[in-house]
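Since this is a predicted model, take the numbers as computed values, not measurements. Letters go in sequence order (proteins before strands), and every chain restarts at 1.
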Protein chains: 2
Amino acid sequence: MDVLIVEDDALHRTFLNEAVRAALPECGQVIEAENGLKGEAQARTSRVEHVVMDLQMNERNGIEAARTIWRERPDTKILFWSNYSDEAYVRGVARIVPEGATYGYVLKSASEERLKLALRSVFIESQCVIDREVRGIQQKSFGNSPGLTDAEYEILVDVALGLTDKAIAQRKHLSLRSVQNRLQQLYEKLGVYETPGQGSEGWFNLRTRAVAVALSRKVLNASAIERAERDLRQSAGI
Amino acid sequence: MDVLIVEDDALHRTFLNEAVRAALPECGQVIEAENGLKGEAQARTSRVEHVVMDLQMNERNGIEAARTIWRERPDTKILFWSNYSDEAYVRGVARIVPEGATYGYVLKSASEERLKLALRSVFIESQCVIDREVRGIQQKSFGNSPGLTDAEYEILVDVALGLTDKAIAQRKHLSLRSVQNRLQQLYEKLGVYETPGQGSEGWFNLRTRAVAVALSRKVLNASAIERAERDLRQSAGI
DNA sequence: GCAATATCTGCGGGTTCCCGCAAGACTTGA
DNA sequence: TCAAGTCTTGCGGGAACCCGCAGATATTGC
């Protein structure tokens with residue numbers, strides 16, 4: 001039973017290595033990769049079935065790496081180990097988990113005990129383990145804001161990419177007006193109309209404001225936009 | 001000679017602690033703080049003059065913490081220790097360094113030797129030490145893109161906040177048309193007109209597209225937007 | 001089956017954005 | 001000092017955005 005660790009930070013990597021060996025004394029080799037790309041390659045060549053994956057990495061982030069790994073071998077067990085519980089990451093992971101796959105999501109701020117427990121649960125017991133804080137985000141409702149539906153989230157991503165209403169309508173096979181309707185819902189939910197300062201109307205361009213708000217609420221983040229950009233190029237570049 | 005370490009990741013914190021003790025055997029206490037807010041408080045109460053500061057933190061990021069510390073005691077020596085060399089961070093730091101202050105900027109990916117050297121240079125020799133990779137960004141020109149002027153960067157931030165042209169004109173004491181001129185420059189430099197896919201015209205809303213491009217080029221990042229948002233509220237909320 | 005609710009769609013118009021054109025204001029250098 | 005360049009400002013217009021209104025079309029619950 002080999003384990004692959006994909007993590008770009010050297011300190012965290014050695015820490016993980018030790019934690020894995022301690023939590024899974026019965027395990028065989030522990031392989032390390034320092035970015036998503038190398039992680040994919042390692043997973044392919046060494047055929048590991050157990051992966052600990054960081055999310056935020058330079059060459060290729062954890063979500064993309066996990067997607068290709070799962071595409072090749074959907075029964076791979078992956079434990080995500082991330083700094084943040086951004087809604088964008090949580091959604092990103094949820095979006096790529098294959099039917100019936102086992103995975104876990106633990107925050108780096110968690111205790112070493114929790115990490116070891118998660119390692120055993122996911123890799124040995126084939127149980128899904130989602131950190132409580134992360135779970136809270138998954139089941140919508142984030143802080144005081146009501147949480148977006150999938151439709152709203154998708155249009156948010158398209159707007160954040162910089163697409164026009166017309167382009168979105170085309171991509172989503174909707175009429176122009178429907179796109180604008182969804183946008184209005186989005187503006188409502190994100191609270192884009194709330195103004196800092198009092199007599200300020202017309203201060204905001206709602207579409208860019210929505211992106212700004214989504215970013216600071218962590219509903220979106222840069223890597224989610226980059227992922228969407230790649231998808232866009234793929235579907236447009238045919 | 002005491003040293004304050006402000007860093008939210010526990011592993012990195014202990015690593016830094018050891019590195020500081022090893023590099024500066026003559027130093028006294030080594031104090032730790034786990035976020036920017038506590039860092040500010042510690043700097044105030046324990047009156048340290050040497051700080052090692054992470055940039056990306058939850059409660060208050062390193063740039064803001066450094067700003068308040070320097071505001072209170074401009075002769076404090078600060079070594080920034082960051083994961084990334086995003087243009088947004090580099091600009092953010094450069095923007096708050098007081099006249100004549102000594103500081104350093106080292107990447108976490110640097111070797112332990114480089115870190116220790118930087119610690120001695122900044123804290124003992126009062127020399128500014130900027131990582132080579134970071135320096136490359138500071139002196140404009142980023143990859144293939146030409147690098148933005150301050151005027152262009154500022155308008156980019158305002159746009160990313162979601163402000164309308166009119167609002168920006170007011171804030172910056174410019175005419176509407178001038179704002180739009182600067183925007184056009186910005187669009188030009190960011191290469192916003194380049195289209196993925198061939199026959200695609202009118203696919204992009206230039207203003208949101210500019211934000212998307214800036215984010216993926218790391219010219220902007222979420223924390224820069226949040227900082228700008230706070231500044232906005234302050235100046236608008238009077 | 002039949003309301004009740006939600007979503008999609010078209011129309012119309014007020015606002016904002018994007019930008020070409022051109023005239024003034026400012027810096028820079030020989 | 002004058003010329004060349006850069007930055008600012010106004011005007012005008014086509015396109016895109018934001019959105020109220022209202023009818024058409026699902027979807028849901030009873």
- Message: Does the plane of the ring in A:Phe80 sit parallel, tilted or perpendicular to the ring in A:Tyr103? Use 30° and 60° as the thresholds.
- Response: perpendicular

- Task: Tell me, with the steps shown, if B:Ser85 and B:Glu133 meet side chain to side chain donor-acceptor pair (under 3.5 Å).
- Result: CA-CA 7 Å; B:Ser85 54; B:Glu133 196 184 338; 3.3 Å; yes

- One should read off an interatomic distance between B:Glu64 CD and B:Leu37 CG, to the nearest 0.5 angstrom, of 10.0 Å

- Please confirm whether the backbone N or O of B:Leu174 pairs with a side-chain atom of B:Ser178, one donor and one acceptor, at under 3.5 Å? no

- Item | Heavy-atom donor-acceptor pair, B:Glu7 side chain to B:Asp9 backbone, under 3.5 Å | yes

- Note on the structure: Sorted by position of nearest nucleotide on DNA chain D, 5' first, the leading residue of A:Asn205 and B:Val179 is B:Val179

Taking only nitrogen or oxygen atoms into account, show me every contact under 3.5 Å that the protein makes with nucleotides 12-14 of chain C, one pair per line with its distance.
none

- Message: Applying a 4.0 Å non-hydrogen cut-off, can you work out what A:Thr164 is touching in the nucleic acid: base, sugar-phosphate, or nothing?
- Response: sugar-phosphate

- Partner set under side-chain hydrogen bond (donor to acceptor under 3.5 Å, both in side chains) for B:Ser216, not counting sequence neighbours: none

- Check each residue of residues 151-161 of chain B for a non-hydrogen atom within less than 4.0 Å of any atom in DNA chain D, then write out the ones that pass by number, or none. none

- Listed by chain and number, what are the side-chain contact (heavy atoms from CB on, under 4.5 Å) partners of B:Thr76, not counting sequence neighbours? B:Val51, B:Ile69, B:Trp70, B:Arg73, B:Ile78

- Query: Passes salt bridge (Lys or Arg N to Asp or Glu O under 4.0 Å), A:Arg60 versus A:Glu40? Steps please.
  - Reply: CA-CA 9 Å; A:Arg60 178 161 311 186; A:Glu40 291 173 12; 3.1 Å; yes

- Query: Are any side-chain N or O atoms of A:Arg182 and backbone N or O atoms of A:Ile155, one a donor and one an acceptor, separated by less than 3.5 Å?
  - Reply: no

- Task: Kindly say whether A:Thr208 contributes a backbone atom to a donor-acceptor pair with the side chain of A:Asn205 at under 3.5 angstrom?
- Result: yes

- Message: With each end axis built from five pairs of C1' atoms, what bend angle do you get for the helix from C:dG1-D:dC30 to C:dA30-D:dT1? Round to 10°.
- Response: 40°

- For B:Gln184 and C:dC19, what is the distance between atoms CD and P respectively, to the nearest whole Å? 5 Å

- Spacing between A:Arg182 atom CZ and C:dT7 atom C1', to the nearest angstrom: 8 Å

- Query: Under 3.5 Å, side chain of A:Asp131 to main-chain N/O of A:Leu107, donor-acceptor pair present?
  - Reply: yes

- Item | Polar pair under 3.5 Å, donor/acceptor by atom type, side chain A:Asn181, base C:dT9 | yes

- First contact, last contact: which nucleotides of DNA chain D are these for chain A, 5' to 3', heavy-atom distance under 4.0 Å? D:dA16 to D:dC21

- Task: Measure the shortest side-chain to side-chain distance between A:Glu154 and A:Lys172 over non-hydrogen atoms and say whether it is less than 4.5 angstrom.
- Result: yes

- Item | C:dC8 OP1/OP2 closer than 4.0 Å to side-chain N/O of A:Ser175 | no

- Integer-rounded Å distance: C:dC18 P and B:Tyr187 OH: 4 Å

- For A:Leu174, which contact category applies under a 4.0 Å heavy-atom criterion: base, sugar-phosphate, or nothing? sugar-phosphate

- Query: In whole Å, what is the span from the CH2 atom of A:Trp203 to the P atom of C:dT16?
  - Reply: 13 Å

- Query: Under the 3.5 angstrom rule, does the side chain of B:Asn35 hit a backbone N or O of B:Lys38 as a donor-acceptor pair?
  - Reply: yes

- Starting from C1' on C:dC19, measure out to CD on B:Glu188 and report it in whole angstrom. 12 Å

- Message: What is the distance, to the nearest angstrom, from the CZ atom on A:Phe204 to the C1' atom on C:dC17?
- Response: 17 Å

- So A:Glu152 and A:Lys189, salt bridge (Lys or Arg N to Asp or Glu O under 4.0 Å) or not? Walk me through it. CA-CA 9 Å; A:Glu152 286 154 0; A:Lys189 282 220 185 156; 3.1 Å; yes

